[in-house]
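In what follows, a structure is listed as C-alpha cells, so that the remarks can point back to it.
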There are 2 protein chains.
Amino acid sequence: MFNVPIMTLKQPVRWGILACGNIANAFATALKDCPDSVLHAVSSRDIKKAKAFAEEHGATRAYGSYEAMLADSEVDAVYIATLHPFHLEWIAHSVQAGKHVLCEKPLTMNLREAKRAKQLADSKRCLLREAFMYRHHPQTQRVVDLVTSGVIGKVRMIEASFCFDSGTNPESRVQAKALGGGGILDVGCYPMSFARLIAGRSQGRLFAEPLELKAVGHLDSKTKTDMWTTAVVRFEGDVLANLKCAVRMQAENLAVIHGEKGCITVDMPWRCPGTIRIELNEKNSVQEVAMPKMRHLYAYEIDAFTNEMRGQPIGADAVGMRFDDTLGNMKALDWWRAEIGLGYEADTVR
Amino acid sequence: MFNVPIMTLKQPVRWGILACGNIANAFATALKDCPDSVLHAVSSRDIKKAKAFAEEHGATRAYGSYEAMLADSEVDAVYIATLHPFHLEWIAHSVQAGKHVLCEKPLTMNLREAKRAKQLADSKRCLLREAFMYRHHPQTQRVVDLVTSGVIGKVRMIEASFCFDSGTNPESRVQAKALGGGGILDVGCYPMSFARLIAGRSQGRLFAEPLELKAVGHLDSKTKTDMWTTAVVRFEGDVLANLKCAVRMQAENLAVIHGEKGCITVDMPWRCPGTIRIELNEKNSVQEVAMPKMRHLYAYEIDAFTNEMRGQPIGADAVGMRFDDTLGNMKALDWWRAEIGLGYEADTVR
C-alpha cells in the first residue's frame with residue numbers, strides 16, 4: 001500500500017522534523033532511543049533555530065523553511081510539530097512530497113479536516129498517523145490487559161482528566177483562538193481517547209464511540225476558547241465516562257476505571273510510566289503495579305510508525321492509535337466543542 | 001408564624017419519630033446529644049419494633065401506627081423517616097395534626113410534591129424542613145468559610161460524589177422503583193446540594209441554581225432506576241460542577257473545589273467530620289485542617305430545627321438547609337432525572 005522503497009529497505013527511517021518547538025525537542029530526544037530511526041533533517045521558519053536544534057540533536061541537515069525540507073529526497077518520514085491549525089496544510093504538503101507523516105495530536109482541527117488529510121495521504125500512498133504517544137506505551141497496554149482480564153468485572157464508569165494552569169496568557173498558543181488554543185483540543189483529546197479505548201476494550205472491541213456526549217465549559221471572555229470544561233459520555237452497554245480538561249485550572253491528572261468488582265487507578269496516564277493501582281471491593285485489597293522506567297515515552301509511537309511503514313500494522317490487541325480511532329476521537333472532540341459552543345475558523349466550510 | 005405554644009415554652013421539644021429504620025436509629029441517638037430535645041414517642045407499623053426501639057432509646061411512648069402517634073398531643077415535632085415515596089403523605093398527616101416536621105432527604109419525590117408539602121405546612125402554620133444533616137455540620141461551614149475567604153481565589157469547578165455498592169438487590173429500598181430506589185434521590189442529592197451551596201457562596205449568594213445540567217446514567221434493566229450516573233452543571237459565572245452518584249458502584253466519596261489559586265478537598269463531606277485539605281498552586285503547599293470529633297452528626301440539624309421552632313431562623317451566613325434551598329435542590333434532582341429518563345409514579349400528575 002505504501003511507497004515501496006521504505007518498505008523494502010532495511011536502513012533506518014530518515015526523519016525530518018517540521019517545526020522546532022518543545023514537542024519537537026521531546027521527539028528528537030526519543031529518536032535516539034529508536035534504532036530503526038535516525039534524525040536526518042529539521043526545519044524551522046527561523047534558520048538559526050533550525051541550526052541550533054540540528055546541532056543539539058545531531059541532525060544532518062537544518063532547513064530555514066518547511067518547503068525546503070520537504071524537497072529533500074532523503075527524508076523518508078516527517079514529524080509535524082506545528083500548532084494544530086496548521087496540521088492539515090503541512091500534512092498536505094508532506095504527502096504531496098511523498099513523505100510518510102506522523103502528526104502531533106490532535107491530527108487536525110476537526111473531523112472534516114481529518115478525513116481530508118486521510119484522503120490526501122491515501123491518494124499519495126503515504127502513511128498518516130496521529131502521534132498519540134501514551135497510547136503506544138506499555139503502561140496503557142497493561143491497563144487494557146487488566147480491564148480485559150476481568151479483574152474488576154464489567155466496567156461501569158471511566159474517569160479521566162488532563163488539567164493544567166497556563167496562567168493569564170491570552171496570546172499564548174494554549175489560549176489564543178487563531179493558534180488553536182483551548183483545553184479540548186490541546187489536552188481533552190487524551191481523556192477522550194482513554195475513555196473510548198477502555199469503553200471499547202471492556203466490551204470486546206478495539207474502541208467505542210459515544211452514544212451520548214454532554215458537556216459544560218467556560219470560554220474565556222477574551223479568547224473565546226475553553227479554559228476549563230467537563231464532559232459526561234455514555235457508550236454502548238451504559239459504560240459511562242466522566243472527563244475533565246483545562247488549560248487554566250490546576251487539577252489532578254488521573255484515570256480511574258470503576259468496575260463491578262473494583263477499580264483501577266492510573267496515576268500518570270499520559271506521561272507514562274507511573275503506577276497502576278488495583279482495588280478490589282470484596283477483598284478490601286489494594287495492589288500496586290509500579291511500571292519500571294523504560295524507553296522515552298515517545299519512542300513507542302515512533303517504533304509503531306516505522307513498523308507500519310515497513311508493512312507491519314499494529315497488532316490486533318495492541319492499544320496504539322489506529323486511523324479509525326483517530327477519526328472517532330476527532331468526531332468526539334467536535335461533539336464536545338459543540339456542547340460548549342466552541343468553534344474555530346477551520347470549522348467554517350470554505 | 002408558627003404554633004405559639006412551642007415558641008414560648010422553654011421546655012425541651014418533644015419529638016415523635018415516624019418509622020423506625022436505620023436512619024431513625026441514628027436520629028434517636030443524636031437526640032441524646034441535644035439538650036433542647038427529648039424523644040417522646042416512636043411509631044412503627046409493627047408495634048413490637050416500636051416497643052423495642054422505644055426501649056433502646058428511652059422514648060416514653062411506642063405506637064403501632066403513625067396515625068396514633070400523630071394523635072398524641074404531647075408530640076411537638078415529628079421526624080419523618082419513612083422511604084421517600086411516602087414523605088409527602090406523612091408530611092400532610094403530620095401538619096394536619098399540628099406537628100412541626102423535620103423530614104428526611106429528599107423532602108419529597110420531586111419539586112411539585114415539595115411545593116405541595118410547603119403549602120400544606122404553611123396552611124397549618126407548621127415548620128417544615130428537610131433533614132440535610134451534613135449541611136448543618138461545622139465542617140461544612142468551615143469549607144464555605146474557606147471558600148469565601150478567597151484562599152483559593154475564584155471557584156472554577158466543584159467535584160462531588162456519593163457512591164456505594166448495594167449489590168444485586170433489585171427488591172431493596174435503594175433499588176426498587178416503588179420504594180423510590182435509585183442513586184439520584186438517595187445519594188445524588190448530597191453532591192448536588194454541595195455544588196449549589198459552593199457555587200452560590202463563591203459568588204456572594206446563599207446558594208445557586210444550575211443554568212445548565214447535563215447527565216448520563218445507567219438504569220437497571222429490571223428496576224429501571226439509576227444504578228450509576230454522572231452529571232455536569234454550569235452555574236452563573238461559569239462555575240462548573242462535576243457530580244457522581246451510585247448505589248451499585250463503589251467509588252470515593254469526596255468533594256473537591258478547584259479555584260484559580262488552588263483547591264480544597266473534603267475527604268468526608270457527607271459523614272462529617274473528616275479532613276479538609278487546602279492545596280495552593282503557587283506555594284506548592286498543602287495544609288490539612290483536621291476536624292475534631294464533635295457532637296453526633298445529626299445533632300446539628302436537630303438544634304437548627306428546634307431553634308427555628310423557637311423563632312430563631314438559621315443565621316444569615318449559616319450553611320444549613322433553608323426551604324428555598326430545598327426547593328432548588330428538588331428542582332435540580334428533577335432535571336438530573338429527566339436527563340437520564342428516570343421517572344417515578346409520583347411524577348404523574350393526578
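Worth knowing before you read on, the calculation uses all heavy atoms, side chains too, and leaves out hydrogens, waters and symmetry mates. A, B, ... follow the sequence lines: proteins, then strands. Residue 1 opens every chain.
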remark   = SG (B:C263) and CD1 (B:I152) are apart, to the nearest 0.5 Å, by 7.0 Å

request  = With a 4.5 angstrom heavy-atom cut-off, could you sort out which part of A:L219 is near chain B: side chain, backbone, both or neither?
outcome  = backbone

request  = Report the option among A:T229, A:L213, A:V256, A:L211 that has the most heavy-atom pairs separated by less than 4.5 Å from atoms of chain B.
outcome  = A:T229

request  = Take B:T223 and B:K177 through the side-chain contact (heavy atoms from CB on, under 4.5 Å) test and state the conclusion after the steps.
outcome  = CA-CA 6 Å; B:T223 62; B:K177 185 169 249 186; 5.5 Å; no

key: Donor + acceptor pair across side chains of B:Y190, B:S161 (<3.5 Å)   = no

query = So which part of A:V233 gets closer than 4.5 Å to some heavy atom of chain B, the side chain, the backbone, both or neither?
reply = backbone

ask   = Without hydrogens or angle criteria, can the side chains of B:N329 and B:S193 be said to hold a donor-acceptor pair below 3.5 Å?
value = no

request  = Could you check which of A:R156, A:M157, A:K214 has the highest count of heavy-atom pairs closer than 4.5 Å to chain B?
outcome  = A:R156

inquiry  = Let's test your reading of the structure: which of A:R234, A:M227, A:Q250 forms the most heavy-atom pairs below 4.5 Å with chain B?
reply    = A:Q250

ask   = So which part of A:E260 gets closer than 4.5 Å to some heavy atom of chain B, the side chain, the backbone, both or neither?
value = backbone

ask   = For A:D165, is it the side chain, the backbone, both or neither that has a heavy atom under 4.5 Å from a heavy atom of chain B?
value = side chain

key: Interchain contact, A:A246 with chain B, by part (heavy-atom threshold 4.5 Å)   = neither

key: Pair A:N110, A:D334: side-chain N/O donor-acceptor within cut-off below 3.5 Å   = no

key: Interface residue of largest heavy-atom contact number with chain A, from B:A231, B:G217, B:A251, B:G262, under 4.5 Å   = B:G217

request  = State whether a side-chain donor-acceptor pair under 3.5 Å links A:S285 with A:E279.
outcome  = no

Aromatic plane relationship, A:H218 with A:W228 - under 30° parallel, 30 to 60° tilted, over 60° perpendicular = parallel

key: Heavy-atom proximity to chain B below 4.5 Å, by part of A:L243   = backbone

